[in-house]
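Just below is one structure, and these are the notes that go with it.
A, B, ... follow the sequence lines: proteins, then strands. Residue 1 opens every chain.
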Amino acid sequence: MSRYSPADIEPRWQAAWDADGTFTARRDNDRPKYYVLEMFPYPSGRIHIGHVRNYTMGDVIARYKHATGHNVLHPMGWDAFGMPAENAAMASGGHPKDWTYANIADMRDQMKPLGLSIDWSREFATCDPEYYGQQQALFLDFLQEGLVYRKNAVVNWDPVDMTVLANEQVIDGCGWRSGAPVERRELTQWFFRISDDAEELLDALDGLENWPEKVRTMQANWIGKSRGLQFAFPLTEPVHGHAGVEVYTTRPDTLMGASFVGLSVDHPLARALEADNPKLAAFAAECRRMGTSEEELEKAEKRGFDTGLRVRHPLDPSWELPVWVANFILMDYGTGAVFACPAHDQRDLDFARKYDLPVRDTFLALDDPTPVADTAFVPPKTEPVRWIDHFAGLDVATGEEAIEATIAKAEADGWGEGRTQFRLRDWGLSRQRYWGCPIPVVHCDTCGVVPEKKENLPIRLPDDVSFDQPGNPLDRHPTWRDVPCPACGAPALRETDTMDTFVDSSWYFARFTAPDAATPTNPEDAAYWMNVDQYIGGIEHAILHLLYSRFFARAMHRCGHLPAEAIEPFGALFTQGMVTHAIYQTRDAQGRPVYHLPEDVIELSANGGRQVVLRHDLLVKEGASDDELYLLAQGNDLTVEVIPSAKMSKSKRNVVDPAAIIAQFGADTARWFVLSDSPPERDVEWTASGADAANKHLARVWRLAEACRQAGGAAEDPAASPGTPDHDLARATARVIVDVTAGIEGFAFNGAVAKLYAFTNAIAKSKASPAAQARALRTLAQLMAPMTPHLAEEIWSMLGGAGLVATTPWPHADPALLVEDTVTLPIQINGKRRSELQVPKDLDKAGIESRALADPAVQRALDGAAPKKLIVVPGRIVNVVV
RNA sequence: GCGGGCGUGAUGGAAUGGUAGACAUAUCAGACUUAAAAUCUGAAGGGCGUAUGCCCGUGUGGGUUCGACUCCCACCGCCCGCACCA
């Protein structure tokens, strides 16, 4: 073999790891355990270059931890339930099960050539009955613990397809297939009591020190703890049994600015009024035509309806306020009713201006007593403001102080009560769909809702279902529903709702610790392997998946399925960015964009830069220069517009297929590329030239190793004396060990890659002996092994390394080789760098000062005068102010 | 709309409040070659200058500091999430 040949190298080393069982995880109390997990994929059928990046990052950590003496668990599975499988079945007639398992097989085949250090013996899919049966057991335990209950909730209802729609299936208020306007409909649904844990889930965020701050902030905001006042506005006349309207507000201090009382469309009073007010009923019906998503509600035009009812202000019985029904008030939050203070809430102000309702200031800025006009005055609650006619006697005070004073006064006077409120709602898990985990309960006419017996689990999905009509096939199945009641044995009906797929992904990490256990977890395995030491996934999961998993871990602990230490299941979290790619676009005769696949375009070096043109027979010309080809392309309308850095999407045709990359360059190139350039938390742009360059570099490393081997580099090398090329190379080696180790530990893989480039350049330029070079190259192999494991094994074995790099301990830097005795200090004059100074590392401040002042550039700037100020930061910088 | 994040050469990016642009891509020049590819060597933020050097420069506008890509305020643009997409 005379050149770098990944097609030969990669399968060979993968076979060697398999034969050695290198990545099979077993409990071992002699080594510290390390559990690294990447968020498992949905089996869409093709792996995506984004998956490659995600799993490569996890693999770097897993292999590095392996080398540092840890007993590593690095499993893989499939988040296999969900809508796309049903959509595929509806579109092309197959079965969700066949579609899903075929996709899993395809994706596994695409993933294995990446050479990931995964323990494939633990693999499972959430649609395996062995997995979802254990999930049903968990559900029954949660039910017994009172962690699950039923209540009514609204869903998007497609009146034509007679089916429930997901939010993403509602487009501009209409069903995606039928196009019919969506209605809101109430159904009895199952809920997890996650809101009972709101306080705990919030407080425990403080302990998650190795989570990104932004994720903790997002979760805290999502849980949304607030302190406020609950009180009633008495109705001037009782109506439909309501004597008043209970409201909850976080700004009771602005009560004197109240303009009107607003009710949610779904508020009991609003509903009661609807019955004998056709206009209100029409308004409500219109509001209910919107989808259920909060985003849609918030973006919609704020609209209201005056009910004609009046309430009395609690502080002034002679002051009457109108009661409106408004489309922006959520029934799920607080009491479903609010009072509006337009002066200090922009949404209320817009509403008040629209419907000509009063606007009353309750406080003004200290430095600007202008009353509110078209912009609400909403200062931070910590900023002091001047109060107008405050009922608790405040003059200048902050919002916080005023809120507490108001709550205290309301409680003392007995018309209101301070209350802590959370935005977090209970987690609705019912889905009216087939391809999900069946909820294991039975509905009996005499016994009511009865849990299934555990010995009947798993409750399997029936295979004989059809998708030729919309709706839930479980509902339509001729026999599946019919079961005897587990309590009384009488004929009863099985629940046909299945579980939200978030349930599947809320405990898979625990199942990986004992994937074959006959109970959801095995206590010894869970105690040994949990928690996940490093979890890696996309920022898009910052809130829901991670919050639900945190809740599940607590719930599983309560039912005895996880140890107390595992209630925070993810010790460290890293959120990686996407892989993006340029979009290649031309325009058709009508000027509409036409997109082209990366393989259908050619890059030319023409016009002094990089030009992209369509691949075309006209451009196949022997011996033509790029400039000539580009002119030809311009003449034939073959030039392509390049839109840089867009999220990969099928419709824009900018998807890069990892299989093609591996076939062309090998897995190590793909891995090296996705780790280089961009910091892992940021998006990375996939470019053909970047992939090519990564491949060139790996080929160069291979050639260096081959040249070294031929020069007899595997020989023993004696210790080098200072000043020799051998010693310089040894120092560079020590330095790069420290830098790459820090890069991996700190998730700065791009930085580690840059240091490895520089180290490779240093070896290439070094005049060191073959034996010394071989030593440096073996260290290079060790440092590259987490990233490009196949090439690393190859070099290691070429240059006399013993055994597998994958099982060789991580290199240590010799501290003696890291010592620097001089340091270069930049000299700034008035904050701008003007010169520099070489000084002994341990020179004191005074010594540095005198040398800095003697510097010619400083002398010139001072021009005989004394410096105004002299700042010396030893080891860092000198700044002379003149 | 609300919550969170990001913004640095032609490009991806580097930089504990301390030399802005490491490392790489693209580009240009040179070596090798009959030629090309590959490989190797070198140049390179923009402007002025033969040059020592000087001015400008991290989305925009302000501020704090001896010193700001970094901290604070406002704005602009893009990305993620918004509870039934996964």
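Residues satisfying the salt bridge (charged side-chain N to carboxylate O under 4.0 Å, His left out) criterion with R423(A), sequence neighbours excluded, are E294(A). Taking E295(A) as the reference, S293(A), K299(A) meet the side-chain contact (heavy atoms from CB on, under 4.5 Å) condition, with sequence neighbours excluded. For N695(A), the side-chain contact (heavy atoms from CB on, under 4.5 Å) test picks out Y4(A), F665(A), T669(A), with sequence neighbours left out. The salt bridge (charged side-chain N to carboxylate O under 4.0 Å, His left out) search around R833(A) returns E836(A), not counting sequence neighbours. Applying the salt bridge (charged side-chain N to carboxylate O under 4.0 Å, His left out) rule to D158(A) yields no partners; only residues at least two apart in sequence or on another chain are considered. With sequence neighbours left out, W427(A) forms a ring pair (Phe, Tyr, Trp, His ring centres under 6.0 Å) with F192(A), Y548(A), F552(A). Under the salt bridge (charged side-chain N to carboxylate O under 4.0 Å, His left out) criterion, K151(A) pairs with no residue, sequence neighbours left out. By the side-chain contact (heavy atoms from CB on, under 4.5 Å) test, A153(A) is found to be paired with Q189(A), F191(A), residues two or more places apart in sequence or in another chain being considered.
Residue-to-nucleotide contacts include a donor-acceptor pair under 3.5 Å from the side chain of R433(A) to the base of C84(B). A donor N or O paired with an acceptor N or O is found under 3.5 Å between the base of C82(B) and the side-chain atoms of E295(A). In terms of polar N and O atoms assigned as donor or acceptor, the side chain of R876(A) comes within less than 3.5 Å of the base of U16(B) in a complementary pairing. Side chain Q432(A) to base C84(B): a donor-acceptor pair is found below 3.5 Å. Residue-to-nucleotide contacts include a donor-acceptor pair under 3.5 Å from the side chain of D677(A) to the base of G12(B).
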Discussion item. Expected output check: what is the dot-bracket annotation of RNA chain B, where ( ) and [ ] are pairs inside the strand (brackets for crossing ones), | is paired with another strand, and pairs are Watson-Crick or G-U under 3.5 Å?
Written reply: (((((((..(((.....[....))).(((((.......))))).((((....))))..(((((..]....))))))))))))....
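As rounded to the nearest Å, G67(B) and G13(B) have C1' atoms that lie 25 Å from one another. G21(B) and U11(B) are spaced 13 Å apart, taking the C1' atom of each and rounding to whole Å. One P atom belongs to A20(B), the other to U70(B), and the distance between them is 14 Å to the nearest Å. Here the separation of A68(B) from G63(B), taken at their P atoms, is 13 Å to the nearest Å. The P atoms of G42(B) and A22(B) are separated by 15 Å, rounded to the nearest whole Å. G3(B) and G12(B) are spaced 30 Å apart, taking the P atom of each and rounding to whole Å. G81(B) and A26(B) are spaced 36 Å apart, taking the C1' atom of each and rounding to whole Å.
The local environment of CG in D172(A) is sparse, with at most 12 non-hydrogen atoms from other residues, nucleotides or ligands closer than 6.0 Å. Dense packing is recorded around NZ of K354(A), with more than 12 heavy atoms of other residues, nucleotides or ligands lying under 6.0 Å away.
RNA chain B is contacted by both Q189(A) and P679(A); P679(A) maps to the nucleotide lying nearer its 5′ end (nearest heavy atom per residue).
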Can you pull every protein N or O that's under 3.5 Å from an N or O on nucleotides 31-33 of chain B?
none

Show the distances under 3.5 angstrom between N or O atoms of the protein and N or O atoms of nucleotides 64-67 of chain B.
from: C66(B); atom 1: O2'; to: N879(A); atom 2: ND2; distance (Å): 3.3
from: C66(B); atom 1: O2; to: N879(A); atom 2: ND2; distance (Å): 2.5

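Close to C2(B), at under 4.0 Å from its OP1 or OP2, lies no side-chain N or O of R347(A).
Of the candidates G81(B), C82(B), U39(B), G81(B) carries the atom nearest the I543(A) side chain, counting heavy atoms from C-beta on. Distances were taken from every side-chain heavy atom of I539(A) (C-beta onward) to each of A83(B), C80(B), G5(B); the shortest belongs to C80(B). Closest approach to the Y757(A) side chain among G4(B), A24(B), G12(B) is made by A24(B) (side chain taken as heavy atoms from C-beta onward). Distances were taken from every side-chain heavy atom of R833(A) (C-beta onward) to each of U19(B), G3(B), A83(B); the shortest belongs to U19(B). The side chain of N761(A) lies closest to A24(B) when the candidates are A24(B), C84(B), G13(B). The side chain of N750(A) lies closest to A14(B) when the candidates are C82(B), C56(B), A14(B). Among the nucleotides A86(B), C56(B), U19(B), the one closest to any side-chain atom of E836(A) is U19(B). Considering only the side chain of D500(A), C84(B) comes nearest among C40(B), U19(B), C84(B).
In this structure G12(B) sits in the anti conformation; its chi angle is more than 90° from 0.
Residue G690(A) is out of contact with every strand shown, counting any heavy-atom pair closer than 4.0 Å. Residue S430(A) is classed as a base contact, given a heavy-atom separation below 4.0 Å to a base.
To the nearest 0.5 Å, atom CZ of residue R251(A) and atom CG of residue D348(A) are 12.0 Å apart. Considering CZ of F749(A) and OG of S676(A), their distance stands at 12.5 Å, rounded to 0.5 Å. Taking OG1 of T498(A) as the reference point, atom CZ of F81(A) lies at 8.0 Å (rounded to 0.5 Å).
Residue pairs satisfying the salt bridge (charged side-chain N to carboxylate O under 4.0 Å, His left out) criterion with at least one member in residues 37-49 of chain A, sequence neighbours excluded, are listed as follows: R46(A)-D657(A).
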